Amino acid sequence: MFSSQQISDSLWVDVSPARNAAPALTGRAETDVAVIGGGFSGLSTALHLARAGHSVTLLEGRSVGYGGSGRNNGQVIPTMTAAEPDAIEERFGAAGERFVALVRDSASYLFDTARAEGVDCEGEQTGWFQPAHRESRMKLSQARVNAWAKRGAPARLLDRAEASRVIGSDRWFGGMYNPTGGHINPLALARGLASACEKKGVAIHEASPVEAVERRDGKWHLKTREGELVARAVMLASNAYTGFQEAGLAPKVARSVVPVLSWQMATTPLDEAQRAVVVPGREAVSDTHGDLHFFRFDKRNRLVTGGALAVGHNGPERLKALVGRRLREAFPVLGMPEFDFVWNGYIGMTEDRFPYICQLGPDFWCWAGCNGRGVGLSVSLGRELAAAIAGTPVEELALPLSDPRPIPLHGLVKTLAPPFMLPLYRWRDGRD
Ligand SMILES: Cc1cc2nc3c(=O)[nH]c(=O)nc-3n(C[C@H](O)[C@H](O)[C@H](O)COP(=O)(O)OP(=O)(O)OC[C@H]3O[C@@H](n4cnc5c(N)ncnc54)[C@H](O)[C@@H]3O)c2cc1C
């Protein structure tokens with residue numbers, strides 16, 4: 001069974017500006033738009049609606065940034081993990097084309113939004129690099145560069161010598177580089193967006209898990225333990241954490257997504273000699289392994305990295321050995337690195353590796369299932385979903401809609417996915 005680390009174990013809790021918790025919802029309140037979930041998706045939707053003058057109330061079950069948004073690696077990446085632009089456009093037509101453009105611009109949009117709202121999220125727009133871990137994967141890198149360059153993205157292919165200069169290691173073979181990417185402190189971004197929302201009049205209630213959403217008398221009624229919120233429109237932004245706090249919240253959405261635990265770690269701060277060798281340009285790096293190898297610096301020169309485990313037993317100690325060895329092999333200058341922080345969070349996986357963006361009822365919107373790439377995406381989708389809620393016709397928006405498809409035997413799939421899928425990914429990683 002997996003052991004879920006508390007968010008308080010994370011580097012980001014240690015280094016982010018504190019936030020005074022907003023009070024829980026008590027009694028009955030009315031709003032134009034109710035947002036469920038205080039991660040990037042909910043906060044971005046609330047922010048864009050508030051900018052347009054709507055009255056918005058956001059209900060967060062625990063605390064702002066409690067979900068994936070406060071726990072992630074902070075890599076701002078302008079692509080999806082597995083859904084390629086051609087396939088998205090083929091499946092969704094014009095909406096797919098608009099969505100691909102949204103993904104293309106999503107990294108810059110996140111950095112621009114943080115700047116516009118005066119949020120200090122330790123953002124570094126130093127670029128994102130996806131190096132090929134086998135020579136054969138260069139074909140994939142080339143195909144991706146072609147697909148994105150055709151659509152106006154500034155993506156380019158680096159050869160092996162350039163890759164080794166960017167990474168500071170010759171273990172990779174080249175790969176796709178996109179200068180619009182980079183990295184952030186994600187919890188600082190979530191808390192900063194929450195403050196920006198509050199300044200624009202959004203009412204935020206933390207420790208207010210929504211138990212149920214019901215339609216009565218032409219309005220949505222959101223029930224919490226101590227209160228009720230009545231709204232014209234609802235945005236469900238609980239993503240991979242849907243159903244974790246209250247099983248009755250949108251079970252159809254919860255059962256369409258498989259939450260998979262992803263482990264994150266931060267080394268002790270590197271010294272200047274090590275820092276000058278390892279990723280000297282401070283890009284965000286995540287490679288072509290299915291069992292992903294990824295790392296980036298934080299502001300204090302810690303390498304923030306992580307890995308996956310098939311079984312969670314004694315997870316932090318096993319990961320320190322596994323990921324420490326990987327880093328030592330790639331960067332001998334590090335020796336066997338020490339880790340100050342190990343934590344984890346749930347990523348929402350979907351069967352076809354494409355998110356659900358859906359309308360669950362009149363003026364009731366939702367998206368879920370980032371498949372590991374939702375930092376930039378959440379902020380941009382928040383803008384589009386805010387526009388939909390405000391009445392912009394969906395034909396004008398970057399919203400490729402599909403219905404959630406509950407997975408049969410979801411409970412079993414959730415438990416068995418990591419022990420079966422990770423060995424398969426590792427097996428594939430070792431082959432051309
Ligand atoms: C460990 C990890 C590493 C990752 N690394 C990266 C990365 O480097 N780059 C990248 O692009 N993506 C990454 N991701 C994915 C990214 O973090 C997510 O896609 C993104 O944060 C999703 O944001 P969200 O707002 O949609 O959901 P979340 O941030 O998960 O927010 C959902 C919120 O809903 C709340 N909630 C749940 N139930 C209720 C309820 N009943 N009532 C009220 N509130 C409720 C939760 O408490 C939570 O705060 C990573 C994810 C994880 C977990």
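All ligand and atom numbering here is 1-based and tracks the order in the structure. None of these values were measured; they are calculated from a predicted model. Because only heavy atoms are used, hydrogens play no part in the values below, and waters and symmetry mates are left out as well, while side chains stay in.
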How about Asn344 and Ser262: does a side-chain donor come under 3.5 Å of a side-chain acceptor?
no
Would you kindly specify which portion of Asn73 sits under 4.0 Å from ligand 1, judged on non-hydrogen atoms: side chain, backbone, both or neither?
both
Per-atom contacts, ligand 1 versus Leu249 - under 4.0 Å to a heavy atom:
40 (C), 41 (N)
Numbered atoms and elements of ligand 1 in range of Arg71, under 4.0 angstrom, heavy atoms
1 (C)
Could you verify whether a donor N or O on one side chain and an acceptor N or O on the other, from Ser208 and Glu206, lie under 3.5 Å apart?
no
Show the nearest heavy-atom pair for residues Thr415 and Pro418, with the distance to one decimal.
O-CD, 3.7 Å
Gln75 and ligand 1 - part of the residue with a heavy-atom distance under 4.0 Å:
both
Taking the basic N atoms (NZ, or NE/NH1/NH2) and the acidic carboxylate oxygens, is any pair closer than 4.0 Å for Glu30 and Arg28?
yes
Provide the number and element of each atom of ligand 1 under 4.0 Å from a heavy atom of Gly37.
33 (C), 34 (O), 35 (C), 44 (N)
Side chain to side chain contact (heavy atoms under 4.5 Å, CB included) for Thr31 and Val230? Distances and angles first, verdict last.
CA-CA 6 Å; Thr31 188; Val230 182; over 6 Å; no
Heavy-atom proximity to atom 1 (C) of ligand 1, best of Gly243, Ser262, Ala212:
Ser262
Should Phe40 be counted as touching ligand 1, given the test is an N or O pair under 3.5 Å?
yes
In the protein, what heavy atom is nearest to atom 27 (O) of ligand 1, and what distance, to one decimal place, separates them?
Asn239 CB, 3.5 Å
Looking only at protein heavy atoms, which one is nearest to atom 52 (C) of ligand 1, and what is the separation?
Ile347 CG1, 3.5 Å
Just how far is it from atom CG of Leu399 to atom CG of Leu381, taken to the nearest 0.5 Å?
7.0 Å
Atom 10 (C) of ligand 1 - nearest protein heavy atom and its distance
Val375 CG2, 3.3 Å
May I ask you to check if ligand 1 and Gly374 share an N or O to N or O distance below 3.5 Å?
yes
What are the two closest heavy atoms between Thr126 and Tyr177, and how far apart are they?
O-OH, 3.5 Å
Go through the side-chain N and O atoms of Asp32 and His54 and say whether any donor and acceptor fall under 3.5 Å apart.
yes
With heavy atoms and a 4.0 Å threshold, my read on which part of Leu59 contacts ligand 1 is backbone
Output yes when the distance from some N or O of ligand 1 to some N or O of Trp367 is under 3.5 Å, and no in every other case.
no
At under 4.0 Å between heavy atoms, what of Tyr346 touches ligand 1? The answer is backbone
Using a 4.0 Å heavy-atom cut-off, say whether Ser378 meets ligand 1 through its side chain, its backbone, both or neither.
side chain
Looking only at protein heavy atoms, what sits closest to atom 40 (C) of ligand 1 is Val210 N, 3.6 Å
Out of all atoms in ligand 1, which are within 4.0 Å of some heavy atom of Ala237? Include the element for each.
31 (O), 32 (C), 33 (C), 34 (O)
Distance from Glu60 atom CD to Leu25 atom CG, nearest 0.5 Å?
13.5 Å
Gap separating the CD atom of Glu117 from the CG atom of Leu193, nearest 0.5 angstrom
7.5 Å
Take atom CZ in Arg156; do more than 12 heavy atoms of anything else shown fall under 6.0 Å from it?
no
Judged by heavy atoms only, the candidate from Gly61, Pro78, Gly376 nearest atom 43 (C) of ligand 1 is Gly61
Is Arg326 positioned over the aromatic face of Phe295, cation under 6.0 angstrom from the ring centre and no more than 45 degrees off axis?
no
Donor + acceptor pair across side chains of Arg383, His48 (<3.5 Å)
no
Tell me: protein heavy atom nearest atom 24 (P) of ligand 1, and distance?
Ser41 OG, 3.4 Å
Under 3.5 Å, side chain of Asn73 to main-chain N/O of Gln75, donor-acceptor pair present?
no
By number and element, which atoms of ligand 1 are closer than 4.0 Å to a non-hydrogen atom of Gln264?
1 (C), 2 (C), 3 (C)
If I take atom OG from residue Ser378 and atom CH2 from residue Trp367, how far apart are they, to the nearest 0.5 angstrom?
4.5 Å
Ligand 1 atoms in contact with Ser238 (distance to a heavy atom under 4.0 Å):
32 (C), 34 (O), 36 (N), 37 (C), 38 (N)
Glu60 and ligand 1 - part of the residue with a heavy-atom distance under 4.0 Å:
both
Which heavy atom of the protein is the closest neighbour of atom 45 (C) of ligand 1, given with residue, atom name and distance?
Gln245 OE1, 3.5 Å
Atom CZ of residue position Arg225 - does it have more than 12 heavy atoms of other residues, nucleotides or ligands inside 6.0 Å?
no
Under 4.0 Å between heavy atoms, the region of Asn72 that gets near ligand 1 turns out to be both
Can you pull out the closest protein heavy atom to atom 15 (C) of ligand 1? Residue, atom name and distance to 0.1 Å, please.
Cys370 SG, 3.6 Å
Which heavy atom of the protein is the closest neighbour of atom 29 (O) of ligand 1, given with residue, atom name and distance?
Ser69 OG, 2.5 Å
With atom 30 (O) of ligand 1 as the reference point, say which of Gly345, Ser208, Gly68, Ala190 has the nearest heavy atom.
Gly68
Which of the numbered atoms in ligand 1 are under 4.0 angstrom from any heavy atom belonging to Gly74?
8 (O)
